[in-house]
Peer 1: 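Okay, handing you the structure first.
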Amino acid sequence: MTPPERPELPKTYDPAEVEPRLYARWLESGVFHDEPDPARPPFIISMPPPNITGRAHIGHGSTYTPQDVLTRYHRMLGQNADWLPGQDHAAIATETVLVREIAKEGATRESLGRDEFLARAWRWREQYGGEINESFQRLGFGPDWDRERFTMDTGLSAAVTKVFVDLYNDGLVYRGTRLVNWDPEAQSTLSDAEVEDEESDTFLWHIRYLAENGGDGLVIATTRPETYLADVAVAVHPDDERYRHLIGKNVVLPIIGRAIPVIADDSVEPAFGTGAVKVTPAHDATDYEIGQRHHLPMPTVIDYDGRVAAPIWRYDETPERRAPIDAQAEKMHAYAGFDRFEARKRIVDDLRVTGSLVEEKPYRTTLPLSSRTRAVIEPLLSLQWFVKMQPLAQPAIEAYRAGAPRFVPERFGRTYAAGLEQIRDWNISRQVWWGHQLPVWYTPNDDVVVAHDEAEAKRIARERYGSDELRRDPDTLDTWFSSGLWPFSILGWPERTPELDHWYPNQVMVTSRDIIFLWVSRMVMLGLRFVGKIPFETVFITPLVFDLHGRKMSKSLGNAIDPMVDLVPKYGADGTRFSFLRQMRLESQELRFDERYCDEAKRFATKLWNALRYTCALPEGLPGAAVLPPREKLTVADKWILTELRACAETVTHAYDGFAFGVAADALLQFGWYTFCDWYVEATKAEGQQETRGAVLSFVLNTFVRAMHPIAPFVTEEIWQTLPHDGATIVTASWPDLAEIPSFAEDAAVFGAVIEKVEQLRNARSEWAIAPKDWMRVEVPASLSAERGIVESIATLARAHVSTYDGGDGSVRDRILAVRAVADSAKLRERYTREIARLESEVARSEKKLANESFVAKASPDVVAAERAKLEEYRRELARNRTALDGLAD
RNA sequence: GGGCGGCUAGCUCAGUGGGAGAGCGCUACAUUGACACUGUAGAGGUCAGAAGUUCAAUCCUUCUGCCGCCCACCA
């Protein structure tokens, strides 16, 4: 029979050609879109909105790929699955980049003006937002693009305003002067989470403050001598004998001569430094707390530019408390106007000259750096807007104790809970322009009006203050304020939409551990308060990506991998995705990215592609989709591969259900490459396989690529489309149904014995230096020829000429293991002798174990039974080898 | 100072209370009805160290040592 004409399939699989073509088709057919459908269980993931400051980076690979996998998997399960995409305006991050950009034209934010600057920001968003989406599409991510949102969309902005106004009316948003993190370069406050610690070499300066009454006073130790200008006290531990006599007395600041009290405070560690701490409440968090406890004045001496200034006062400081420090202002002017680090040098020099500097000890400390600009953060007192967190955190803590949300891995829940328990008020006002402007207006008398819009603000102002003359607060909100609303704002909240009804709460949130507290906890708190439910059932935490040596990837270290440049073009999106998932292990919190996995994955795709070519080129052709031959026609090899396929599908299903993506990828690779290609495909080349192999190959490949599709969407689609199939695209094909994959434990074990024997024969071939092209000779027990397909399989797989010998009884397995290679007797003698020695030692080990009374008595019965079975097997094997050895001609 | 994770072959990592595994790299051979982006075979490990629990520990417990991360007010 002439095989039907088939188009020639290319020899290698080319992701660069296939991937864009298939993605375009998916987009066109709208497979990623769904509508809320109460008839199907929802499976919803809100995509953590990427910043608009660049394209996809390595972190997106590890965090977003699992989201795509989960969504595709649940869609194939027939659920109402939707992955909701969007982007974050990333207030400070974007503004910082933008300011640098316009600086190249010699412009500044102020020279452009607010309107023009914001117009530029929107243009930036258009351009780079599009770039991110392109990267995501190249990676094969399939979110519901029709539902894309941006944190500054009209709807989302309305949600932001409503939340701010409601929280204000409930007394949870307030304005106050507090110590905040000031970034002198970005010219804005930062949240605690945007501050990073970095080790740095400096000095611990020991400075003597003389007693006011002329005594020696004491020596303080500080890393920030320049702030001594704003010292208001020296603190010592109440139990510290060295300083007890000074408590309540005054000491005098060198050079400027101002007297300040010595106070006792438990927070002072007597063993550190000199045990005496200068207290500068306006420039240090600890000092601020001491200042509050002791009701100390809080003068500021470093201004918003990071320069020393004559004292700036907290707006609410009384004139009486200002007086003693104002009197010193003139002497302080010697340092005024200098940058804080320059002022430090001058002050240390002057202290040395005047003999006040006692010691200068090299010291390693941690500097707070802005994660945006890398500038050293200046803690300073400032009038800002805050959210009172305690009342928001409490319900979240209680929910967590009741088990929601569930964290995977579980231990990250403790990180989350610990964060909630020690939560501090959240500074939400930023001095950048790009963001949601505070819905706050002030009257000429600085009365505060909070309203949804200007009209409402004016109305309130007229009612309350008799005039509607208002100026709007220029500040904007912390970017996390809007992203904290993400899972419900994108579903249309505060409107009650079908999406909100059926898709909230989401099923899973996937993110990395560095933003558990920064983002996850805020979504929970705000979701609980405004929608009444925690926004997601499960939080899956992905590992952070490091380089091969465990270092963080960074451009400055030169070890950063850009997936869009370094991976996708070389290995394809499938290879890149597969490698990320392969390296993800549930309990691991770090992923040392190893490009070798990408290479392996790419070769895997080619391997599968060639298995497809083989299948499609069978001379007898292929039957229709998913039609298996009747069971009685299946060969042992067929039954074995179907059994293995089912085990693989089962493993992969469980793995996806449990977020164990590495396990799923391992199982797919193992089955696809080794089990299927190396053994089954080879086995179909044997005599006797022709009748069933087309159907089985087609069925197995079809089922297998569906199980692999969520991980490697492109190559699986391409293979599926080439095979006989039902339906338009694998994206909406059904997940492999275990019940439809037959399993044959006994026959599969028989083929297992074939594999075992073939490996032994190949090993012998190698030892005897029989070239692979040459056929070796084996003898099989005559009775084995009656078993359909066994001898032919062995002959093909071992590449051997077969003859028979009399004898061989027992099970099929025993007879398979009794197959023997033919070689000259010296070689065989050597081989049998070695094998006998090995088996003897195994038998001895096993016998010794079973002779151990406590083992037999105490080990579980099935373990003992298994050991006995093993021993029996060894003995039979040993006997076979001895017989073979005895039978050798001398 | 607390907490967490890791330590298994040269490299990157799986894994299991009962005979140590994969990929890459290395060695040898090979162009076999798809695949050299391939196949076959091989070398390579006191499973970080010590103690304990157990009939049995690479796996469980404790301690120690490194490596990394997170949190915290040591100026």
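Throughout, a chain's letter reflects where its sequence line sits, starting with A, and its residues are numbered from 1.
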Peer 1: Kindly assign one of parallel, tilted or perpendicular to the pair A:Tyr228 and A:Tyr209, based on the angle between their ring planes and the thresholds 30° and 60°.
Peer 2: tilted
Peer 1: Any side-chain N or O of A:Tyr363 less than 4.0 Å from the OP1 or OP2 oxygen of B:A75?
Peer 2: yes
Peer 1: Salt-bridge test for A:Arg845 and A:Glu842: reply yes if a basic N is under 4.0 Å from a carboxylate O, no otherwise.
Peer 2: yes
Peer 1: What's the CG-C1' distance between A:Asp666 and B:U12, to the nearest Å?
Peer 2: 13 Å
Peer 1: If you measure from the P atom in B:A9 to the same atom in B:A48, how many Å do you get, rounded?
Peer 2: 8 Å
Peer 1: Go through B:A41, B:A75, B:A34 for me and flag the one nearest to the A:Glu759 side chain.
Peer 2: B:A41
Peer 1: B:G18 C1' sits how many Å from A:Lys870 NZ, rounded?
Peer 2: 6 Å
Peer 1: Check every atom of B:C73, B:G33, B:C71 against the side chain of A:Ser267 and return the nucleotide holding the closest atom.
Peer 2: B:C73
Peer 1: Would you say a side-chain N or O of A:Arg765 is under 4.0 Å from OP1 or OP2 of B:A41?
Peer 2: no
Peer 1: Considering only B:A75, B:C55, B:G23, which nucleotide approaches the side chain of A:Asn852 most closely?
Peer 2: B:C55
Peer 1: Counting only side-chain N and O atoms of A:Arg582, is one of them less than 4.0 Å from OP1 or OP2 of B:G23?
Peer 2: no
Peer 1: Answer yes or no: is there an ion pair linking A:Arg424 with A:Asp192, defined by an N-O contact shorter than 4.0 Å?
Peer 2: yes
Peer 1: Please determine if a side-chain N or O atom of A:Asn763 lies less than 4.0 Å away from the OP1 or OP2 oxygen of B:G42.
Peer 2: yes
Peer 1: Rounded to whole angstroms, how far apart are CD on A:Glu600 and P on B:G25?
Peer 2: 11 Å
Peer 1: Select base, sugar-phosphate, or nothing to describe what A:Ala285 touches, counting heavy atoms under 4.0 Å on all strands.
Peer 2: nothing
Peer 1: Check every strand shown and say whether A:Arg838 touches a base, only sugar-phosphate, or nothing at a heavy-atom separation below 4.0 Å.
Peer 2: nothing
Peer 1: Could you check whether A:Phe578 and A:Phe604 have their ring centres less than 6.0 Å apart?
Peer 2: yes
Peer 1: What's A:Val681 touching, base or sugar-phosphate or nothing? Going by heavy atoms closer than 4.0 Å.
Peer 2: base
Peer 1: Establish whether the base of B:C13 is bridged to the side chain of A:Arg585 by a donor-acceptor pair shorter than 3.5 Å.
Peer 2: no
Peer 1: For B:C70, does OP1 or OP2 lie under 4.0 Å from any side-chain N or O of A:Arg414?
Peer 2: no
Peer 1: So, A:Arg799 and A:Glu682, do they make that salt bridge, N to O below 4.0 Å?
Peer 2: no
Peer 1: Would you mind telling me which of B:G18, B:A41, B:C73 lies closest to the side-chain atoms of A:Thr286?
Peer 2: B:C73
Peer 1: Would you say the side chain of A:Glu682 and the base of B:A34 hold a donor-acceptor pair, judged only by whether the two atoms sit under 3.5 Å apart?
Peer 2: yes
Peer 1: To the nearest Å, give me how far apart CD (A:Gln760) and P (B:U40) are.
Peer 2: 16 Å
Peer 1: Within 45 degrees of the axis of the six-membered ring of A:Phe676 and under 6.0 Å from its centre: does A:Lys607 put its NZ or CZ there?
Peer 2: no
Peer 1: Side-chain N or O of A:Lys607 versus OP1/OP2 of B:G39: is the shortest distance under 4.0 Å?
Peer 2: yes
Peer 1: If the cut-off is 4.0 Å, is A:Lys11 near the phosphate of B:A36, judged by side-chain N/O to OP1 or OP2?
Peer 2: yes
Peer 1: Rounding to a whole Å, what distance do you find between A:Ile516:CD1 and B:C4:P?
Peer 2: 15 Å
Peer 1: Less than 4.0 angstrom between a side-chain N/O of A:Tyr674 and OP1 or OP2 of B:G23, yes or no?
Peer 2: yes
Peer 1: Give one of base, sugar-phosphate or nothing for A:Lys278, where a contact means two heavy atoms less than 4.0 Å apart.
Peer 2: nothing
Peer 1: Nearest-Å distance, CD (A:Gln670) to P (B:G23)?
Peer 2: 8 Å
Peer 1: Taking NZ, NE, NH1 and NH2 as the nitrogens, is one of them in A:Arg585 or A:Asp666 under 4.0 Å from a carboxylate oxygen of the other?
Peer 2: yes
Peer 1: Quick one: do A:Arg693 and A:Glu620 make a salt bridge, cutoff under 4.0 Å?
Peer 2: yes
Peer 1: At 4.0 Å (heavy atoms only), tell me whether A:Thr222 reaches a base, stays on the sugar-phosphate, or touches nothing.
Peer 2: sugar-phosphate
Peer 1: Regarding A:Arg603 and A:Asp599, does a basic nitrogen lie under 4.0 Å from an acidic carboxylate oxygen?
Peer 2: yes
Peer 1: Just the dot-bracket of RNA chain B, please: which string comes out with Watson-Crick or G-U pairs under 3.5 Å, [ ] for crossing, | for another strand?
Peer 2: (((((((..((((....[..)))).(((((.......))))).....(((((..]....))))))))))))....
Peer 1: OP1 or OP2 of B:U40 less than 4.0 angstrom from a side-chain nitrogen or oxygen of A:Trp768, does that happen here?
Peer 2: no
Peer 1: Which nucleotide in the set B:A41, B:G68, B:A75 lies at the smallest distance from any side-chain heavy atom of A:Glu590?
Peer 2: B:G68
Peer 1: Which listed nucleotide (B:C55, B:U38, B:G33) is nearest to the side chain of A:Ala859?
Peer 2: B:C55
Peer 1: Heavy atoms under 4.0 Å, any strand shown: does A:Thr227 hit a base, just sugar-phosphate, or nothing?
Peer 2: nothing
Peer 1: Can you measure A:Tyr571 atom OH to B:C24 atom C1' for me and round it to whole angstrom units?
Peer 2: 12 Å
Peer 1: From C-beta outward on A:Cys677, which listed nucleotide comes closest to its side chain: B:U40, B:A34, B:A75?
Peer 2: B:A34
Peer 1: Where the side chain of A:Arg424 is defined as all heavy atoms beyond and including C-beta, which of B:G5, B:C73, B:U12 is the nearest nucleotide?
Peer 2: B:C73
Peer 1: Would you say a side-chain N or O of A:Thr280 is under 4.0 Å from OP1 or OP2 of B:A75?
Peer 2: no
Peer 1: The side chain of A:Phe855 lies closest to which of these nucleotides: B:G33, B:C13, B:C55?
Peer 2: B:C55
Peer 1: I'd like to know if A:Arg838 pairs up with A:Glu877 as an ion pair, taking the criterion as any Lys NZ or Arg NE/NH1/NH2 lying under 4.0 Å from an Asp or Glu carboxylate oxygen.
Peer 2: no
Peer 1: Atom CD of A:Glu595 to atom P of B:C13: distance rounded to whole Å?
Peer 2: 15 Å
Peer 1: Please determine, for the side chain of A:Lys858, which listed nucleotide (B:G18, B:C55, B:C69) has the closest atom?
Peer 2: B:C55
Peer 1: Please classify the nucleic acid contact of A:Arg596 as base, sugar-phosphate, or nothing, using heavy-atom distances under 4.0 Å.
Peer 2: base
